[in-house]
Amino acid sequence: KHVLALSGGVGGAKLAAGLAAVLPPEDLTIVVNTGDDFEHLGLTICPDIDSVTYALAGLNDTQRGWGVKDETWQAMAMLKALGEADWFNLGDRDMGMHIARSWRMREGESLSAVTARLTRELGIAHAIVPMSDAPLRTQVGTAEGWLDFQRYFVAEQCRPVATGIRFAGKAGAKPSAEFARALARDDLGAIVVCPSNPYLSVDPILAVEGVRAALEARKVPLIAVSPLVGGTALKGPLAKLLGELGQPVSNRAIADHYGDLLDHLIIDEADAADAGDLRGTGLSVTVTGTVMCDAGDRERLARVALSA
Ligand code: FO1
Ligand code: CA
């Protein structure tokens with residue numbers, strides 16, 4: 001049976017790596033959020049595709065949470081000396097990835113094609129697939145207007161008060177060919193939603209044309225791993241953003257958010273008290289450790305998700 005995984009960046013990438021460690025390449029398609037992507041210094045930057053790629057290649061920097069390990073920053077220092085924008089940190093090795101992707105795309109290759117090639121070159125046998133080849137960009141509404149996600153998150157450090165989230169370009173953003181193929185497979189056995197932020201990392205995937213309807217139509221179980229630990233987001237100042245938008249941060253809110261799509265929710269042992277209420281809604285629930293510190297944790301959680 002084939003597994004379709006939906007992933008955002010950091011937390012999602014860890015479970016994606018766990019799934020890749022326990023499933024053969026032909027049994028897994030990892031579809032990645034591209035709502036965080038943007039153009040910067042003439043480069044196409046895809047933070048979530050890169051987080052998943054680096055995690056599967058064993059190149060990810062676990063300390064920083066993004067980018068490549070053993071990174072150096074010489075190109076960045078030169079850019080700064082030249083008076084160019086320095087609010088978004090591009091390591092030298094990471095820069096190589098952005099250059100390869102950007103020039104191939106300028107030569108006419110699709111994001112899907114370039115992602116398939118670059119991941120293969122890095123020795124990754126599993127399919128890492130962008131949700132769409134069309135730009136669908138997550139933007140945060142502020143008093144100064146709509147900001148691209150990286151502008152809001154990195155340049156502005158989430159300081160502006162958020163008034164909304166929108167996905168610019170979602171009209172006409174079709175699923176990538178490999179995503180559409182995975183959604184339609186006869187042998188699809190499960191859909192796993194990795195522990196990424198539902199509003200910022202999974203919603204963009206669900207906003208791609210036809211995706212929500214296709215997921216609803218499939219009679220295969222949809223299993224989500226909650227990104228919450230101890231009732232709060234494991235990483236990031238994103239709780240502030242969600243608070244400003246009036247979105248409660250709780251497992252119940254996540255379950256309600258996914259609604260009918262969701263069949264099974266995996267929650268952290270620190271939130272075991274949530275299980276009763278969640279089960280009361282008709283959901284099936286697994287309580288386990290969801291914090292992934294090493295390869296053993298990732299593989300164990302992947303196996304728990306698959307047995308659900
Ligand atoms: N996050 C930061 O907080 N500061 C950065 O300078 C930064 C640079 C960066 C470069 C490449 C990349 O792939 C990711 C990078 N990130 C950086 C992380 C990224 O902005 C976010 O963590 C994700 O978009 C959230 O999923
Ligand atoms: Ca279902």
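Both ligands and their constituent atoms are indexed starting at 1 by order of listing. None of the values given here were measured: they were computed from a predicted structure.
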Check your understanding: Is it the case that Gln74 and Asp92 place a side-chain donor and acceptor less than 3.5 Å from each other?
Key -> no
Point to revise | Residue and atom name of the nearest protein heavy atom (relative to atom 5 (C) of ligand 1), distance in Å to one decimal | key: Trp66 CZ2, 3.4 Å
Check your understanding: With a cut-off of 4.0 Å, which atoms of ligand 1 are near a heavy atom of Gln150?
Key -> 19 (C), 20 (O), 24 (O)
Point to revise | Short side-chain donor-acceptor distance under 3.5 Å, Thr44 and His98 | key: no
Review point. Which part of Asn89 is near ligand 1, with near meaning a heavy atom under 4.0 Å away: side chain, backbone, both or neither?
Key: both
Review point. What protein heavy atom sits nearest atom 13 (O) of ligand 1, and how far away is it?
Key: Pro47 CA, 3.4 Å
**Study point:** Over 12 foreign heavy atoms within 6.0 Å of CD, Glu144
**Key:** yes
Review point. If you measure only the distance, is there a donor-acceptor pair under 3.5 Å linking the side chains of Thr34 and Arg137?
Key: no
Point to revise | His257 versus Asp203, side-chain donor and acceptor atoms under 3.5 Å | key: yes
**Study point:** Donor on one side chain, acceptor on other, Tyr54 and Asp61, under 3.5 Å
**Key:** no
Exercise for review: Give the atoms of ligand 1, by number and element, whose distance to some non-hydrogen atom of Asp48 is under 4.0 Å.
Suggested key: 26 (O)
Point to revise | Heavy-atom nearest neighbour in the protein, as seen from atom 9 (C) of ligand 1, with distance rounded to 0.1 Å | key: Phe88 CZ, 3.2 Å
Practice item. Could you tell me whether some N/O pair between His98 and ligand 1 is separated by less than 3.5 angstrom? Key: no
Exercise for review: Identify the protein heavy atom lying closest to atom 4 (N) of ligand 1, giving its residue, its atom name and the separation to 0.1 Å.
Suggested key: Val154 CG1, 3.5 Å
Review point. In this structure, are over 12 heavy atoms from other groups packed under 6.0 Å from Arg166 atom CZ?
Key: yes
Review point. Is any N or O atom of Asp36, backbone or side chain, closer than 3.5 Å to an N or O atom of ligand 1?
Key: yes
Exercise for review: State, without any angle test, whether Asp133 and Ser176 hold a side-chain donor-acceptor pair at a distance under 3.5 Å.
Suggested key: no
Point to revise | atom 22 (O) of ligand 1 [closest protein heavy-atom partner, distance rounded to 0.1 Å] | key: Phe153 CE2, 3.9 Å
Practice item. Select one of side chain, backbone, both or neither to describe which atoms of Asp94 lie under 4.0 Å from any atom of ligand 1, heavy atoms only. Key: side chain
